[in-house]
Amino acid sequence: MTIQFDNSYARLPSAFYAEATPAPAPEPSFLAINEDLANELGIDFEWLSSEAGLDLLSGKTRPEGATIIAAAYAGHQFGNFVPQLGDGRAALLGEVIDFNGIRKDIQLKGSGRTAFSRGGDGKAAIGPVLREYIVSEAMHKLGIPTTRALAAVLTGEDVARETLLPGAVLTRVAASHIRVGTFQFFYAREDISSLKTLADYVIERHYPSCASASNRYGALLESVIKRQAELIAQWMMVGFIHGVMNTDNMSISGETIDYGPCAFMDFFDPKTVYSAIDQMGRYAYGNQPGIGQWNLSVLAQSLLPILDEDADKAVEVAKAALDIYPSAFQSAYEKGLRAKLGLAVEDAGDLALWQDLLKHLSDQEVDFTQFFRTLSKIPKEAGAEDEMLQALVGGPSMFGMWLLAWRARLNSETRSDAERQTAMLAVNPAYIPRNHLVEEALEQAEKGNMAFADKLMEVLAEPFEERQGFERYLLAPKPEEVIQNTFCGT
Ligand code: AMP
Ligand code: MG
């Protein structure tokens with residue numbers, strides 16, 4: 001057994017990538033391996049977890065016949081354009097077709113230097129690798145489009161960061177690794193032919209229905225905009241903060257990609273920032289929808305040369321596509337908030353009801369996840385259960401007024417209370433990868449103990465199912481447990 005890779009991206013012109021050679025790990029061992037995902041990809045799990053599998057996932061052996069590459073891309077980092085980024089610590093082994101017939105990239109991250117490494121060592125430390133493994137899989141289980149993690153392996157070699165840390169490699173699975181920054185790369189070089197080739201590749205791989213549109217590249221831009229708007233709306237509903245929404249970290253396929261100093265918000269506050277490198281709060285929770293729009297305007301600009309031969313018309317097409325973003329975001333966001341509030345039909349006042357609630361949550365510093373989980377269990381009629389909510393919101397506040405308004409709104413619907421509660425419990429997670437839990441898992445793992453990380457992953461695998469023995473994982477951090485900063489650790 002082995003994995004049969006196809007290499008469609010490597011068949012694109014040579015400007016798209018540089019060939020790469022993963023650094024062989026001296027003494028690899030598994031940290032984590034994903035049986036469900038292996039099955040979805042049609043990869044024999046027994047083989048994958050064997051020494052031969054480990055050797056492949058740690059760069060020790062090259063897959064036969066595969067062309068391993070590092071992709072070229074550019075990007076705006078914190079608003080500043082960098083014409084040459086690219087996979088500096090990642091190597092694309094190739095693609096496999098999954099059980100849904102969808103082509104998936106299999107990439108090693110942390111596997112050593114490439115042509116795009118600049119000053120970096122191309123390596124990754126155990127902390128960031130495990131964080132990406134845990135959080136990306138948790139996102140998937142929450143039903144949010146994301147790249148996934150097939151395996152994390154220790155290399156048996158230390159990497160030098162602020163201190164020496166155990167080195168690790170993540171095997172990342174993605175619909176593709178094409179980014180907004182990939183388009184910027186060719187636009188900045190005025191390489192219009194490659195821009196077209198890239199757009200055609202993306203249409204064929206991700207947006208086949210655009211192929212028959214009267215303006216296929218305009219249709220592509222609209223499709224990407226819609227998917228991103230929906231993705232970011234989904235982030236907002238679970239309190240996810242990406243942390244580094246640079247244009248090179250925005251996937252064209254609409255998956256969450258490049259988990260660095262990402263985090264889930266505990267206490268509701270739109271200004272929440274965890275990333276230690278985001279001093280200005282550019283990528284704060286509440287800024288994400290606006291940043292998404294900004295990134296997509298960069299994509300639109302990069303597509304201008306192929307949107308129309310006439311430059312003015314091209315601008316019109318781009319503008320018309322960008323105009324979709326606010327309404328696409330708003331409709332996904334409102335759909336999400338209705339579900340979180342247990343509302344089955346649309347009402348014009350729902351957004352105001354939501355915003356009023358968010359004001360209470362931020363004023364009272366209420367845990368976002370726990371609040372909605374608890375709200376899901378509150379009967380339509382006032383009663384003893386209300387105390388669970390009051391305990392979360394704290395007193396004295398005007399929150400009681402909001403509760404009255406919510407109940408009045410529930411009474412305008414015909415759905416039974418039991419049905420409403422079941423629906424809410426299916427969208428308001430009990431378990432999210434809370435910072436203090438993730439940090440604890442990483443800390444233990446750095447010391448060679450995976451027990452806590454394994455337990456955390458077990459909890460996060462079923463985020464909507466409350467289970468006995470996992471009570472601690474439901475709770476917001478105690479004051480002494482609160483994590484202020486997360487690091488990307490690159
Ligand atoms: P990221 O912050 O992960 O989006 O990375 C930004 C850019 O820096 C990308 O081009 C990465 O490939 C590159 N990079 C990050 N860490 C390293 C590293 N350890 N060695 C080489 N390149 C890196
Ligand atoms: Mg990146």
Side-chain angles (χ1 to χ4, degrees), residues 16-23 25 59 68-92 105 107-133 135-136 146-147 149 155 157-170 172 174-185 188 228 241-253 255-263 273-279 282-283 291-292 295 298-299 485-490:
F16 282 65
Y17 60 87
E19 285 203 34
T21 307
I68 304 179
I69 59 169
Y73 55 85
H76 275 88
Q77 299 195 305
F78 290 91
N80 304 306
F81 183 61
V82 184
Q84 172 100 53
L85 289 164
D87 291 330
R89 54 164 164 176
L92 179 65
D105 277 7
Q107 188 201 59
L108 302 184
K109 188 170 170 186
S111 56
R113 288 180 54 79
T114 72
F116 307 117
S117 297
R118 296 170 292 163
D121 61 2
K123 301 283 172 70
I126 179 173
V129 164
L130 204 52
R131 176 192 292 279
E132 176 155 354
Y133 192 111
V135 182
S136 66
T146 174
T147 63
T155 59
E157 170 186 76
D158 282 346
V159 295
R161 295 294 180 259
E162 269 161 30
T163 57
L164 281 184
L165 294 166
V169 174
L170 179 80
R172 177 160 71 178
S176 85
H177 285 84
I178 300 166
R179 305 141 191 277
V180 168
T182 317
F183 283 92
Q184 288 181 267
F185 180 83
Q228 279 297 338
I241 306 168
H242 182 285
V244 204
M245 287 178 72
N246 293 335
T247 55
D248 54 306
N249 293 339
M250 185 181 253
S251 158
I252 290 295
S253 78
E255 289 181 336
T256 311
I257 195 170
D258 275 8
Y259 291 81
C262 61
V273 176
Y274 290 102
S275 168
I277 55 169
D278 191 3
Q279 300 286 340
R282 178 180 170 93
Y283 299 137
I291 289 289
N295 288 351
V298 169
L299 175 65
N485 281 144
T486 51
F487 299 87
C488 46
T490 53

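Ligands are counted one by one from 1 in listed order, and the atoms in each one are counted from 1 as well. All values derive from a computational prediction rather than experimental measurement.
- For the pair S275 and P261, the tightest heavy-atom approach, listed with the atom from each and the gap, is OG-CG, 3.4 Å.
- Residue A25 comes nearest to T155 through the heavy atom pair CB-O, 3.5 Å, listed as atom of the first residue, atom of the second, then distance.
- From L170, atom CG reaches atom CG of L108 across 9.0 Å, with rounding to the nearest 0.5 Å.
- Expressed to the nearest 0.5 Å, how far OG1 of T21 lies from CZ of R113 amounts to 12.5 Å.
- When the side-chain hydrogen bond (donor to acceptor under 3.5 Å, both in side chains) test is applied to Y259, the partners found at least two apart in sequence or on another chain are T146.
- A salt bridge links R161 with D121; the closest basic N to acidic carboxylate O contact falls under 4.0 Å.
- Nearest heavy-atom pair across A90 and A70 is O-CB, 3.9 Å.
- G79 approaches Y283 most closely through the heavy-atom pair N-OH, 4.4 Å.
- To the nearest 0.5 Å, atoms CD1 (I257) and OG1 (T147) are separated by 5.5 Å.
- Residue G122 has at least one heavy-atom neighbour below 4.0 Å for each of these atoms of ligand 1: 18 (C), 19 (N), 20 (N), 21 (C).
- At least one heavy atom of R161 sits under 4.0 Å from some atom of ligand 1.
- If you look at N246 next to ligand 1, there are no close heavy atoms at all, none under 4.0 Å.
- At a 4.0 Å heavy-atom cut-off, ligand 1 does not touch Q84 at all.
- At least one heavy atom of G86 sits under 4.0 Å from some atom of ligand 1.
- For ligand 1, the atoms lying closer than 4.0 Å to a non-hydrogen atom of R118 are 7 (C), 8 (O), 10 (O), 13 (C).
- Of the heavy atoms in F116, none comes closer than 4.0 Å to ligand 1.
- Contacts with ligand 1 closer than 4.0 Å are made by backbone heavy atoms (N, CA, C, O) of D87 only, the side chain lying farther away.
- Close approach of ligand 1 to G120 is summarised as follows: ligand atoms under 4.0 Å from at least one heavy atom of the residue are 20 (N), 21 (C).
- For V180, the side chain to side chain contact (heavy atoms under 4.5 Å, CB included) partners at least two apart in sequence or on another chain are Q184, T247, M250, I252, V298, L299.
- Look at D258 and you'll find a heavy atom under 4.0 Å from some atom of ligand 1.
- With sequence neighbours excluded, no residue satisfies ring-ring contact (aromatic ring centres under 6.0 Å, His included) with H177.
- Note on the Mg ion (ligand 2): protein N, O or S atoms under 2.8 Å away count 2, no waters included.
- Neither the backbone nor the side chain of R113 has a heavy atom within less than 4.0 Å of ligand 1.
- Geometrically, ligand 1 and G88 share a nitrogen or oxygen pair separated by less than 3.5 Å.
- Considering D121, L85, N249, V244 only, the shortest heavy-atom separation from atom 4 (O) of ligand 1 involves N249.
- Interface atoms of ligand 1 facing D248, defined by a heavy-atom separation under 4.0 Å, are 4 (O).
- Pairing each heavy atom of A263 with each of T486, the nearest pair is CB-CG2, 4.3 Å.
- Each of the atoms 6 (C) of ligand 1 lies under 4.0 Å from some heavy atom of Q77.
- Applying the 4.0 Å criterion to heavy atoms of Y73 picks out, from ligand 1, the atoms 9 (C), 10 (O).
- Summarising the geometry of D258 relative to N249, their closest heavy-atom pair is OD2-OD1, 2.6 Å, with the distance given to 0.1 Å.
- At a threshold of 4.5 Å between non-hydrogen side-chain atoms, the residues I277 and F78 count as touching.
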